[in-house]
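This report concerns only the one structure given below.
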Amino acid sequence: MANEEKSLNFIEHIIEDDLKSGYSDEQLRFRFPPEPNGYLHIGHASSICLNFGLGERYKAPVNLRFDDTNPEKEEKEFVDAIKRDIEWLGFTWDQECYASDYFQQLYDWAIGLIKAGKAYVDSQSSEEMANQKGTPTEPGTDSPFRDRSVEENVSLFERMKNGEFEEGVHVLRAKIDMASPNMLMRDPILYRVLNKAHHRTNTDWCIYPMYDWAHGQGDYIEQVSHSLCTLEFLPHRELYDWCLDQLVSSKKLRPKQREFARRNLSHTVVSKRKLLQLVNDGVVAGWDDPRMPTISGLRRRGYTPESIRNFADTIGIAKRENLVDVSLLEFHAREHLNKIAPRVMAVLNPLKVVITNYPEGEEEWLDAENNPEDETAGSRKVPFSRTLYIEREDFREQANRKFFRLKLGGEVRLKNGYIIKAESCTKDTDGNIIEVQCTYDPKSKSGSGTEESLRKVKGTLHWVSVAHAIEAEVRIYDRLFTDENPDGHKDRDFMEFVNRDSLRIVTGFLEPSLREAKVGERFQFQRLGYFNVDNDSKPGNLVFNRTVTLRDTWAKIQQKN
RNA sequence: UGGCCUAUGGUGUAAUUGGCAACACUACUGGUUUUGGUCCAGUCAUUCUAGGUUCGAGUCCUAGUAGGCCAACCA
């Protein structure tokens, strides 16, 4: 009952209006229509969440329809990847459809169109047709083939279908209006000859329908009520409706196309063409490289489906240009990971600490809470000994009061362990600090309840015992582009803004409980960030990816100085 | 020079359809904290401009301005 009335986006307003003016709940049906020519990215995730979200909200089926009308670019590999990504996001489609399933029906409808005198076979080159097309400010001129007889058109189109012509010799065009202010209505091409094998229909067809002669029909066949697409298809709507006019029956539901603005993410690109270029140029290791804004890249980076769905929900959907800041995506990653990721200790830039008053050869196993945000997460044991690693940035010989970490003569709490005091340090011949000597207070053990253990010390450091630590490869990722809008510059190519330091690989020293970590498992390395186990991991040879850092107030303070 | 779309804080979306501009993020303050994390509290807007209608305009009208899309046998 306490369902707070969430405000509706403009698509939901349209649906609510339709429901008021006669649509029944059962008539609602949606679809997500990817072209299988690349991997899904974060922009698609928004569209997926919109369509499947609508399906959940209105308890309506959502089809997955592959828009596979162009055999030149489409492959089964992409079909499989797309299905995997949608499932991973947690959505279930009703029917799995393919535009290619409708090739015969589309062909029959095209024959009907020709017989109705509304389509003709044009036998000019693409250059000639382009010249006749006019410009946005000038009308086009009619093709010399525009008035071929129905018989000749039918015969030619059948011969196109039978493979009697080379590519480019003939096309089928709709006969609409060469003077339309909408360029798409100037006798658009409906079919072209393509002597290519299709990933599903193989060589059954030599002619393939264009997008405009397939999409609305697919919606109609599947009885999709609301066909949602991005803004660049807005001019296509007039043609979408024209095509539907030629074949709809009043007994069946007529789909409607509505358009929303695609989501752009800062510091990256969301264009399949540009992502493909990053892959082909070797800037990244593949479509699922953790730096890629693809769904598979985000998954490998350690993002959770929940965080991506929450992100999509909060940025919403509208009709204006936008550039969503990545910090919002990162917020959602942290928000979810904070709740579910077990805390562990790992040192990525080690500095040796020797506790001079801790007995040599001794070790003890300390209690460590797995997740302060989750009482059911339990606890584990971490080994403590005389020789430890701490983070190099956590020690300074001298520092002001703002520096809460270890400095000579100063005290600090070792997380889950003891309070230590830095007494001295040793350096190599270049002046680099190579070891810090400390003393510890044996009565200050965490959780022991003693007066000493309850002492307030400003800083708490993470650490690992050198003798017990396991080594692992840790991949530190940063933004792929240095510019917030890399493809938003008219005179500069987006590739100029590639961040050359987007990947740094280090050897980390991890607490031994991580030895059995499995691929895909996510952790918080305390005080450092969230990390997950990469697919490249081998038994005894773990690889971690940094998903995102923790919020870092200290880094901000330092930046200001 | 044509047609169409869009304009609300640094960012992204809202605004009961003409009635006190709200939510989230970011940034900045402060508090709590055995993670400089989390959590809690607070601060940040002449709704693109100029007119008009109205008791009242982010919302309606007019004129500008800015940005985007449209001339692939791509989707």
Side-chain angles (χ1 to χ4, degrees), chain A residues 5-9 13 33-35 37 67-70 72-74 99 122 125-126 129-131 133-140 167-168 170-173 180-184 186 189-194 208 210-212 214-215 229-238 259 261 263 266 272-273 311 313-332 334-335 338-339 343 345 369 372-373 402-405 413-417 419 446-447 453-462 484 524-529 549-557:
Chain A
E5 197 60 32
K6 197 173 169 283
S7 59
L8 305 180
N9 62 44
H13 279 297
E35 182 188 11
N37 68 342
D67 226 332
D68 57 350
T69 56
N70 185 353
E72 290 186 333
K73 302 192 292 184
E74 295 150 5
D122 200 337
S125 67
S126 56
M129 282 189 281
N131 290 335
K133 193 126 196 189
T135 69
T137 53
E138 304 157 37
E167 292 181 11
H170 302 291
V171 292
L172 184 73
R173 288 230 256 172
S180 170
N182 183 347
M183 300 289 291
L184 285 158
R186 322 246 260 226
I189 292 172
L190 266 23
Y191 271 94
R192 74 284 212 194
V193 172
L194 248 29
Y208 291 91
M210 299 287 286
Y211 167 86
D212 291 297
H215 203 92
C229 59
T230 46
L231 239 30
E232 67 264 29
F233 288 94
L234 203 153
H236 291 253
R237 187 149 121 195
E238 192 179 358
E259 310 80 15
R263 317 314 317 219
S266 78
K272 271 193 269 190
R273 206 205 91 231
F311 168 73
D313 284 347
T314 60
I315 62 177
I317 210 78
K319 291 177 81 166
R320 49 176 157 163
E321 294 291 307
N322 57 80
L323 184 62
V324 183
D325 202 294
V326 267
S327 64
L328 217 137
L329 216 210
E330 292 171 346
F331 163 79
H332 284 286
R334 293 189 186 108
E335 185 193 40
N338 177 49
K339 291 187 193 126
R343 272 59 169 171
M345 292 197 285
E369 196 180 14
E373 304 298 317
K402 293 257 214 163
F403 186 79
F404 301 162
R405 285 111 106 129
R413 158 79 62 186
L414 292 178
K415 180 76 184 171
N416 306 313
I419 294 172
S446 290
S453 74
L454 296 173
R455 272 176 56 212
K456 298 288 177 198
V457 184
K458 192 59 185 170
T460 301
L461 305 186
H462 63 276
E484 69 165 8
Q524 185 196 97
F525 289 3
Q526 280 189 119
R527 302 210 305 136
L528 295 176
T549 60
L550 257 28
R551 273 189 73 227
D552 193 348
T553 331
W554 173 239
K556 283 172 198 155
I557 294 168

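Chain letters run A, B, ... following the sequence lines, proteins first and then strands; every chain starts at 1.
Across all strands, A/Glu330 comes closer than 4.0 Å to no nucleic acid atom at all (heavy-atom distances). Within the nucleic acid shown, A/Gln526 comes within 4.0 Å of at least one base atom, counting heavy atoms only. The residue A/Phe233 sits close to a base: some heavy atom pair falls under 4.0 Å. Residue A/Asn416 is in base contact, counting any heavy-atom pair closer than 4.0 Å across all strands shown.
The phosphate of B/A71 (OP1 or OP2) has no side-chain N or O of A/Arg186 nearer than 4.0 angstrom. Taking 4.0 angstrom as the limit, A/Arg192 places a side-chain polar atom (N or O) nearer than this to OP1 or OP2 of B/A75. Distances shown here put a side-chain N or O of A/Arg551 below 4.0 Å from the OP1 or OP2 atom of B/U38. Regarding contacts with the backbone of B/A27, a side-chain N or O of A/Lys556 is found under 4.0 angstrom from either OP1 or OP2. For B/U6, the OP1/OP2 oxygens have a side-chain nitrogen or oxygen of A/Lys319 closer than 4.0 Å. Taking side-chain N and O atoms only, A/Thr135 has no distance below 4.0 Å to OP1 or OP2 of B/G2. Phosphate proximity of B/U13 to A/Ser7: absent, as no side-chain N or O sits under 4.0 Å from OP1 or OP2.
B/U16 and B/C28 have their P atoms separated by 34 Å, with the value rounded to a whole Å.
Glycosidic conformation, B/U17: syn, with the torsion inside 90° of 0.
Using a 5.5 Å limit on the distance between ring centres and a 30° limit on the angle between planes, the aromatic ring of A/Phe331 does not count as stacked on the six-membered base ring of B/A24.
Side chain of A/Arg192 to backbone of A/Gly168: no donor-acceptor contact under 3.5 angstrom is found.
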Item to complete: Treat a base pair as Watson-Crick or G-U wobble with both distances under 3.5 Å, then lay out RNA chain B in dot-bracket form, 5' to 3', with | for cross-strand pairs.
Response: .((((((..((((.....[..)))).(((((.......)))))....(((((..]....))))))))))).....
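Judged by atom type and distance alone, A/His236 reaches the base of B/A75 through a side-chain donor-acceptor pair under 3.5 Å.
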Got a list of protein N/O to nucleotides 9-12 of chain B N/O distances below 3.5 Å?
from: B/U11; atom 1: O3'; to: A/Leu323; atom 2: O; distance (Å): 3.3
from: B/U11; atom 1: O2'; to: A/Leu323; atom 2: O; distance (Å): 3.2
from: B/U11; atom 1: O2'; to: A/Asp325; atom 2: N; distance (Å): 3.4
from: B/G12; atom 1: OP1; to: A/Leu323; atom 2: N; distance (Å): 3.1
from: B/G12; atom 1: O3'; to: A/Arg263; atom 2: NH2; distance (Å): 2.7
from: B/G12; atom 1: O2'; to: A/Ile315; atom 2: O; distance (Å): 2.8

